[in-house]
Amino acid sequence: MKKVCVVTGGSSGIGLSIVKLFLANDYQVFNLDISASTFGEFCQCDMTNVDQVGKIIADIAKQGSIEVLVSNAGIHFSGSIENTTEAEFERVFNINVKGAYAAVKSVLPAMKAQQNGAIILMASDQALIAKHNSFAYNLSKAALASMAKTTALDYAQFNIRANAVCPGTIETPLYHQAIDNYCAKSGANKTNIHAEEAALQPLGRLGQAEEVAELVYFLASDKAKFITGSLQVIDGGYTAQ
Ligand code: NAD
């Protein structure tokens, strides 16, 4: 029987690259997303609905042993604390944090029973440093870093590892959406902003989703069996500055 990997937000960007890499390595991959995708086994799921996430993951657990959870679904929102309404704050937290809570909580019974499991939470370099105009997103990603650490401590006794991946600026649909929103608000030129973003990175370019997927795959593998509770930065050197 194939090993099972559950990915949330696997229909686009980083999540899609993760789904493809685990499929290529002979995993059975379940993708929980609001948008459909043809890669892996698609489960229509809104991560903000904790009951729905629980039911879907319990069903998956009946089909095979869930070895890996990649909690990746997330949204970006631009705004200082004053420019973030309560509804916007709740939307970011419901998807980025409550969605991860739902996914992690739901895979733990199966992982405990089999005394094995790897959980990877998609945080951000913004879990480590703040970026301007990114109040709710910064806070949500710092929360995920904490979730990785507390999960690692509470479940090490069951041989379950939990780590957070902290990507810098990765060229995905989410990145383009964030730049488009900024340009629409400020009137800035997208080509210029894109070039400026690349120049801000010590390696002089943005990251690619496939590069993040490789790190996630490594963390899920036995090669990383002594790594837990860690925050793994993949940012072209951005946070080293
Ligand atoms: P993306 O927008 O390309 O993909 C996000 C996926 O999440 C989409 O498939 C979307 O449908 C899904 N999703 C959104 N809301 C959902 C919900 N309520 N329920 C289920 N699925 C939902 O974004 P991406 O750039 O690939 O980002 C993936 C993750 O990586 C996010 O958590 C993001 O915060 C994080 N991240 C991205 C970057 C970057 O620069 N792109 C940097 C650091 C961290």
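Please read these numbers as outputs of a predicted model, since none were measured by experiment. Both ligands and their constituent atoms are indexed starting at 1 by order of listing.
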What residues come within 4.0 Å of ligand 1, counting heavy atoms only?
Gly9, Ser11, Ser12, Gly13, Ile14, Asp33, Ile34, Ser35, Cys45, Asp46, Met47, Asn72, Ala73, Gly74, Ile95, Met122, Ala123, Ser124, Tyr137, Lys141, Pro167, Gly168, Thr169, Ile170, Thr172, Pro173, Leu174

Any side-chain donor near an acceptor of the partner, Glu82 and Ser80, under 3.5 Å:
no

Aromatic ring pairing His76/Tyr137, orientation class (parallel under 30°, perpendicular over 60°, tilted between):
tilted

Test of understanding: with side-chain contact (heavy atoms from CB on, under 4.5 Å), list the residues that count as partners of Ala188, not counting sequence neighbours.
Tyr182, Cys183, Ser186, Ile193

Pairs touching residues 190-201 that satisfy salt bridge (Lys or Arg N to Asp or Glu O under 4.0 Å), sequence neighbours left out
Asp180-Lys190

Which atom pairs, donor and acceptor, lie under 3.5 Å between side-chain atoms of residues 53-65 and protein residues at least two apart or in another chain?
unit_1: Ser65; atom_1: OG; unit_2: Glu67; atom_2: OE2; d: 3.0

For the residue pair Asn159 and Gln115, confirm or rule out a side-chain donor-acceptor distance under 3.5 Å.
no

